Amino acid sequence: MSDHTAETIAAIASAPGAAGVGVVRVSGPLVPAIAQTLLGRAPQPRHAHFAAIREAGGALIDRGLLLHFPAPASYTGEHVLELQGHGSAVLLDLLLRRVCELGARLARPGEFTERAFLNGKLDLAQAEAVADLIAARSQAGARAALQSMEGVFSRKVEVLLQALIALRVHIEAAIDFPEEEIDFLADPAITRQLEALRAELAGLLREAQRGLRLNDGLRVAIIGRPNAGKSSLLNALAGNDRAIVTPIAGTTRDVLRESLSLDGIALELADTAGLRETDDEVEREGVRRAHGELQRADVAVLVTDAEHAMADLALLADVSVGVERLVLINKIDRDHASPHDELRDGTLWLWASAKTGAGLDALREHLKRLAGAGSGEGAFSARRRHVQALEQVQAHLEHAAGVLAHTRAGELAAEELRHAQHALGEITGSYSSDDLLGAIFGSFCIGK
Ligand code: GDP
């Protein structure tokens, strides 16, 4: 970390092959000197200079804009130089070489954003949102990532963190006065504070789970006995013929995946092998993978038909708690039925035909809702590690509540709160290891 301010880094910061403008970005202490050399005089801060950028020998490389953002009011918090030239890979490479000749070195992936984080310009969740914004595959995902980049998620985490710290102080004060500890901990204000905190956390966890779906897409596992029409459904939703549809039972031997965007919402569909007992080695492996898929899914869609529905319901027993369930009665064209929805014991049943497409709009609408469509202005993106951290916080708070209710052991409750604070702090990076930072920034693209 010692080198993080000493060196000046440079990279091409525009999409490869982008027509029009190409950008070389430079950050670090040498920027003012490099800018002065390239422009022939000191640049005006945050002013677009039209400049002829030349080789050391005087040959023209390109004409374009030169902008200097002096530290600390820049993306990285350091001196930043942006050179906007023609979007030619060859010219951009020459510009980059010229800048490196003047003392910069090539930036590693994510290094600009990492410096922004190290210099306190962004917290970790915001920095991750920069990468998520670039990688977004749907409009809703991009909008949500932008919200996180703006700090919407981080501010909510910060509010919780402050409440958690206040409660910790309260409980630790009680421990410091052991003769009064019991009275202190029996104070209903402490229980109230803890309950309020748990309610806030539950709300934030729900929002983060939705943010994860917006970011990663909704993972839909399609399950059902062989020949129920799972592959046909996947094809109908995906609009191509990737899954093989044949009338012989047991053809879907592996997990087939399809990503699709429904009106700007990302869906990850997995068609699992027909779940059934089998002696066939290959098919057994497929069944094993199908079970794995069910552990990871957000939604399980049971595909069946009017004839087999009651017997097939047993297949839902394999679906983990917390995974949304949906029953799709397929092949209504054969049974001369019409599409309709019905709620049975809290599970939505839909009637449809993968063959004719009847009833599939209702399925699409439902999946879009689950994926977070229409979640409104404030919806923010989140990553799996954020959701896991919030789940850890939840577990620690639950333990703390149990301890206070049953034993009034202040030390134990304080310990749980300390762990909770640590887990919460990992989201925004108040606590972070070099390994975590390496993993996060290493997955960025160069130039960001
Ligand atoms: P899977 O084994 O569950 O993946 O089932 P498939 O998608 O391979 O379909 C099995 C058979 O059912 C094929 O012959 C399909 O053409 C047929 N099928 C699938 N969906 C429908 C439907 O909605 N109506 C009718 N009539 N046949 C269907």
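The shown structure was predicted, so the numbers you read here are calculated from the model rather than taken from an experiment. Counting starts at 1 for both ligands and their atoms, in listed order.
Contact of the Leu363 side chain with the Leu367 side chain is registered, since non-hydrogen atoms from C-beta on lie closer than 4.5 Å.
Near Pro226, the atoms of ligand 1 lying under 4.0 angstrom from a non-hydrogen atom of the residue are 2 (O). For ligand 1 and Lys230, the ligand atoms under 4.0 Å from any heavy atom of the residue are 1 (P), 2 (O), 3 (O), 4 (O), 5 (O), 7 (O). Every atom of ligand 1 is numbered from 1 in the order shown, and the set under 4.0 Å from a heavy atom of Asp333 is 22 (C), 23 (O), 24 (N), 25 (C), 26 (N).
Using the six-membered ring where Trp is involved, His422 and Tyr431 have ring planes that are parallel, under 30° apart on the 30 and 60° scheme.
Considering only non-hydrogen atoms, atom 19 (C) of ligand 1 lies nearest to Ser232 out of Ser232, Ser353, Ala354.
Under 3.5 Å, the side chains of Arg383 and His386 contain no donor-acceptor pair of N or O atoms. Between His419 and Glu415, the side chains place a donor N or O and an acceptor N or O closer than 3.5 Å (distance only, hydrogens not considered). No hydrogens or angles considered: nothing links the side chains of Asp333 and Thr356 as a donor-acceptor pair under 3.5 Å.
Residue Ala228 has at least one N or O atom closer than 3.5 Å to an N or O atom of ligand 1. Checked by distance only, ligand 1 and Ile332 stay at 3.5 Å or farther apart across all their nitrogen or oxygen atoms. In terms of polar-atom proximity, Arg334 is not counted as a contact of ligand 1, lacking any N or O under 3.5 Å from an N or O of the ligand. Ligand 1 has no N or O atom lying under 3.5 Å from any N or O atom of Thr356, backbone or side chain.
Distance alone, capped at 3.5 Å, places no donor-acceptor pair between the His308 side chain and the Asp305 backbone.
Within the 4.0 Å heavy-atom criterion, both parts of Asn227, backbone and side chain, lie near ligand 1.
The line from OG1 of Thr304 to NZ of Lys230 is 10.0 Å long, rounded to the nearest 0.5 Å.
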